[in-house]
Amino acid sequence: MKTILIMNGPNLSMLGKRDPKHYGSGTLRDLENACCLKGIELGVKVECFQSESESAIIKKIHNSMGVIDGIVLNAGAYTHYSIAIRDAIELCKIPVIEVHLSDIHNREDFRNTSVIEAVCVEQVCGMGVKGYLVAMEKLVSTYMKSSEEDETSSEEALTPEALLAEERQALNEIDKELFILFERRMKHIDRIAKIKAEAGMPTMVPSREAEILERVGNQVEGQYSEAAKSLMKEILRLSRQRQDELK
Ligand code: DQA
C-alpha cells in the first residue's frame, strides 16, 4: 500500500486560533482526520507530521526517501524564504504538492512568492482543508507510480513472517482509522446528549437502535454481518452510557 505524508509547517499547529478569514475555524487535528478519511477512500496509508522547525521538516523529508510515496506540504511561512526546504524537496525525488489554506496570491506581497513552487509538482491554494484532499487525489491519480505488479511479485518472495508483519501493519493502520471514526461518532453523541438534555428528551430510543442495527446488518457483507451487528450493539451501549453520563 502506498503512503502519503501530510506535512504541516510552523504555526499550523495553531489552527483554530488563527485568523478564520484565511484559515477557517477547524483545528490541525480536524484537518489531519479529514486527510486520514480521504486516505481510506483512496486506499492509501496516511502519515501526518507537523513541526515549527525548519530543521525537523528537512529531516522528515530526508527520512521519507524510500518510505513515503507522495507528500502534501504546507510549509507555512517557510514557503516564502526557505531555500533549505526547497533543496530537500528537490533532492528527495518524491512528488510533493505544495498546499496553502489561504490564497497566497491574493494576500500581502511577501506571501505572493513561493521559493518551493518550482520543485513541487503542483501548487494548490485558497481552498482551505479541501485543498489537502484535492492534493491527495492528484498524488494518487497522477504522480504516485502505480506498482501493483511490483507488490504482487514481491509478495510471492516474502516469508510467512514477513507476510504476517505486513498484515499486522495493515491492521494497525486500519485500527487507527477505525478509532478516528469512533472518536467522530462519540463527538456527535456528545452533541446529541446536549440537545436531548436541554429539551428534556429520553436518552434511549429503542426503535432508533433497531433501525441502526438493521442498516448495519444490510450494509456489511454476508459473512461479517452478524459480527458487525455485535460490534454496533457494543458501540450503541457505549453511546447510551456516554449520554447518561452527560445528562
Ligand atoms: C499558509 C500561508 C503562509 O503565508 C502562512 O505563513 C501560513 C499558512 C496557508 O496555509 O495559507 O502559515 O501556508
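In each ligand, atom 1 is the first atom listed, and ligand 1 is the first ligand listed. Atom set for the values below is all heavy atoms of this structure, side chains included, hydrogens, waters and symmetry mates excluded. Count residues from 1 along the sequence.
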Any protein N/O atoms within less than 3.5 Å of an N/O atom in ligand 1? List the atom names and distances, or say none.
{"from": "ligand 1", "atom 1": "4 (O)", "to": "His80", "atom 2": "NE2", "distance (Å)": "2.6"}
{"from": "ligand 1", "atom 1": "4 (O)", "to": "Arg111", "atom 2": "NH1", "distance (Å)": "2.9"}
{"from": "ligand 1", "atom 1": "6 (O)", "to": "Ala77", "atom 2": "N", "distance (Å)": "3.2"}
{"from": "ligand 1", "atom 1": "6 (O)", "to": "Arg111", "atom 2": "NH1", "distance (Å)": "3.1"}
{"from": "ligand 1", "atom 1": "10 (O)", "to": "Asn74", "atom 2": "ND2", "distance (Å)": "2.7"}
{"from": "ligand 1", "atom 1": "10 (O)", "to": "Leu101", "atom 2": "N", "distance (Å)": "2.8"}
{"from": "ligand 1", "atom 1": "11 (O)", "to": "Leu101", "atom 2": "N", "distance (Å)": "3.3"}
{"from": "ligand 1", "atom 1": "11 (O)", "to": "Ser102", "atom 2": "N", "distance (Å)": "2.9"}
{"from": "ligand 1", "atom 1": "11 (O)", "to": "Ser102", "atom 2": "OG", "distance (Å)": "2.6"}
{"from": "ligand 1", "atom 1": "12 (O)", "to": "Arg18", "atom 2": "NH1", "distance (Å)": "3.1"}
{"from": "ligand 1", "atom 1": "12 (O)", "to": "Arg18", "atom 2": "NH2", "distance (Å)": "3.1"}
{"from": "ligand 1", "atom 1": "13 (O)", "to": "Asn74", "atom 2": "OD1", "distance (Å)": "2.7"}
{"from": "ligand 1", "atom 1": "13 (O)", "to": "His100", "atom 2": "ND1", "distance (Å)": "2.8"}

Problem - Gln241 atom CD: more than 12 heavy-atom contacts under 6.0 Å - result: yes

Name the atoms and distances for all side-chain donor-acceptor pairs under 3.5 Å in residues 190-199, with sequence neighbours left out.
{"from": "Asp190", "atom 1": "OD1", "to": "Arg242", "atom 2": "NE", "distance (Å)": "2.8"}
{"from": "Asp190", "atom 1": "OD2", "to": "Arg242", "atom 2": "NH2", "distance (Å)": "2.9"}
{"from": "Arg191", "atom 1": "NH1", "to": "His188", "atom 2": "ND1", "distance (Å)": "3.1"}
{"from": "Lys196", "atom 1": "NZ", "to": "Thr203", "atom 2": "O", "distance (Å)": "2.8"}
{"from": "Lys196", "atom 1": "NZ", "to": "Gln243", "atom 2": "OE1", "distance (Å)": "3.3"}

Practice task
Spell out, as yes or no, whether a donor-acceptor pair under 3.5 Å connects the side chain of Asn11 to the backbone of Gly76.
Solution key: no

Problem - Pair Arg240 + Glu209: basic N to acidic O under 4.0 Å - result: yes

Problem - Sequence neighbours excluded - side-chain hydrogen bond (donor to acceptor under 3.5 Å, both in side chains) pairs with any residue from residues 31-51 - result: Lys38-Glu41, Lys38-Glu137, Glu47-Lys60, Gln50-Glu52

Problem - Contacts of Tyr132 that satisfy ring-ring contact (aromatic ring centres under 6.0 Å, His included) - sequence neighbours left out - result: none

